[in-house]
Amino acid sequence: MSEQVIRVAIADDNEAYRLTMRDVLLYEPGIEVVALWPSGVEVLGEIERVRPDVLLLDITMPHVDGLTVLTALHERHSRVRVVVLTMHDQSSVVLSAVRSGISGYVVKDAPLEDVVRAIREAFAGHALIHPQVMPAVLGEIERQHQLSDGWKSLLTAREFDVLCQLAAGKSNEQIAESLHITVKTAKNHVSHILAKLQVADRGQAVLYAYKQRWLQPEWS
């Protein structure tokens, strides 16, 4: 069976940067660039028609900025994975993006291979926050170090166990082995978690748990 092609859209008001990223991704196997958008207006107007798997999104754009786009996509329960690609590493911007359910956050001066990795990780349902912006996230966690048991109002104890396994980056097979359940049962638990938290994928579920202070990240 051939590898599934990852459909990527790029939203950035800098035309030179859009074209550079397009040219880089043209040489990446299994990735197809399906749209180039100069502002959030085009993103919100065309994303349902184009239906990319992953959206590379700049935060600072004219008319409708990236954070507004993220909020709108979240309200629409869009299934597109969003990787924020920007110059911003301020804590307020990073945390606003994380709260909106992004699948990755990469700064523009990061190596291009980091951007490609973020795309592939997002498509696989994983979250990737670039080390350069991690201090902003960790700083917020330190200020809110006391964990909450609010998960009890949404999840069963077993579902929370599975959520902890997701935070550790484990696959369905690994979850099944760790919790001594079948792979089918593990898959069902994951599906129930996503539905109850109203998120599109595993990465967003983990980010939701971090935001709600249900879990403590162990990033280094």
Side-chain angles (χ1 to χ4, degrees), residues 44 47-48 51 53-55 57 66-84 91-105 118 121-130 133-134 136-220:
L44 296 179
I47 195 165
E48 295 301 324
R51 301 180 68 84
D53 299 308
V54 177
L55 170 64
L57 178 67
L67 290 178
T68 302
V69 169
L70 285 171
T71 300
L73 293 178
H74 183 69
E75 290 174 349
R76 294 180 185 182
H77 302 291
S78 173
R79 298 185 66 83
V80 64
R81 273 79 168 186
V82 179
V83 174
V84 169
S91 60
S92 60
V93 176
V94 177
L95 293 170
S96 292
V98 169
R99 292 187 186 108
S100 296
I102 61 170
S103 296
Y105 197 114
E121 290 289 327
F123 182 72
H126 304 150
L128 189 151
I129 307 296
H130 194 267
V133 298
M134 192 58 70
V137 178
L138 292 179
E140 180 69 8
I141 295 299
E142 289 175 0
R143 288 188 291 272
Q144 302 178 0
H145 62 277
Q146 185 175 359
L147 295 182
S148 166
D149 63 356
W151 60 267
K152 292 180 179 179
S153 65
L154 289 175
L155 306 177
T156 66
R158 177 56 91 186
E159 287 167 348
F160 184 69
D161 289 341
V162 172
L163 181 60
C164 293
Q165 298 288 314
L166 294 180
K170 293 188 178 181
S171 65
N172 290 332
E173 290 75 14
Q174 291 169 323
I175 293 172
E177 182 177 357
S178 296
L179 299 182
H180 305 291
I181 57 179
T182 67
V183 174
K184 181 179 180 181
T185 298
K187 289 180 179 179
N188 288 339
H189 282 316
V190 171
S191 296
H192 293 159
I193 291 169
L194 300 187
K196 289 181 176 182
L197 301 187
Q198 297 183 7
V199 295
D201 55 52
R202 295 161 174 254
Q204 291 185 16
V206 173
L207 287 175
Y208 183 95
Y210 290 156
K211 170 190 167 185
Q212 299 297 325
R213 295 184 292 115
W214 295 352
L215 300 175
Q216 174 67 55
E218 296 182 355
W219 295 306
S220 58

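The figures here come from the full heavy-atom set of this structure, side chains too, leaving out hydrogens, waters and symmetry mates. These numbers come from a predicted model, not from an experiment.
Of the inter-residue distances, the one linking Ile181 atom CD1 with Asp161 atom CG reads 9.0 Å to the nearest 0.5 angstrom. Leu166 contributes atom CG, which lies 9.5 Å from atom CG of Leu215 (distance to the nearest 0.5 angstrom). In this structure, CG in Asp53 is found 11.5 Å from OG in Ser103, a value given to the nearest 0.5 Å. To the nearest 0.5 Å, the span separating CZ on Arg79 from CD on Gln204 amounts to 9.0 Å. Summarising the geometry, atom NZ belonging to Lys184 is positioned 12.5 Å from atom NE2 belonging to His189; distances are rounded to the nearest 0.5 Å. Note that OG of Ser171 and NZ of Lys187 are 10.0 Å apart. Values are rounded to the nearest 0.5 Å.
Across all their heavy atoms, Ala205 and Ile193 have their closest contact at CB-CG2, 4.4 Å. Here the closest non-hydrogen pair linking Leu194 and Ala200 is CD1-O, 4.0 Å. Between Ala209 and Leu163 the shortest heavy-atom distance is CB-CD2, 3.8 Å. Nearest approach of Tyr210 to Ala167, heavy atoms of both residues: OH-CB, 3.9 Å. Minimum interatomic distance between Val83 and Ala122 (heavy atoms only, all atoms of both residues): CG2-CB, 3.8 Å.
Ring orientation note: the planes of Trp151 and Phe160 are close to parallel, at an angle under 30° on the 30°/60° scale.
Val69 has its side chain out of reach of Ile47: every pair of non-hydrogen atoms, C-beta onward, lies at least 4.5 Å apart. When side chains are defined from C-beta on, Gln212 does not count as touching Leu154, because their heavy atoms never get closer than 4.5 Å.
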Do Leu207 and Val199 pass the side chain to side chain contact (heavy atoms under 4.5 Å, CB included) test, and can you show the C-alpha distance, the side-chain angles, and the key distance before you say yes or no? CA-CA 10 Å; Leu207 287 175; Val199 295; over 6 Å; no
Quick one: do Arg76 and Leu44 satisfy side chain to side chain contact (heavy atoms under 4.5 Å, CB included)? Show the steps, please. CA-CA 10 Å; Arg76 294 180 185 182; Leu44 296 179; 3.8 Å; yes
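For CZ of Arg51, the number of neighbouring non-hydrogen atoms (other residues, nucleotides, ligands) closer than 6.0 Å is 12 at most. The number of heavy atoms from other shown groups lying within 6.0 Å of CD (Glu177) does not exceed 12.
Scanning for side-chain contact (heavy atoms from CB on, under 4.5 Å) contacts around Lys196 gives Leu155, Thr156, Glu159, with sequence neighbours left out. Remark: Gln165 engages Lys170, Ile175, Ser178, Leu179 in a side-chain contact (heavy atoms from CB on, under 4.5 Å) (not counting sequence neighbours).
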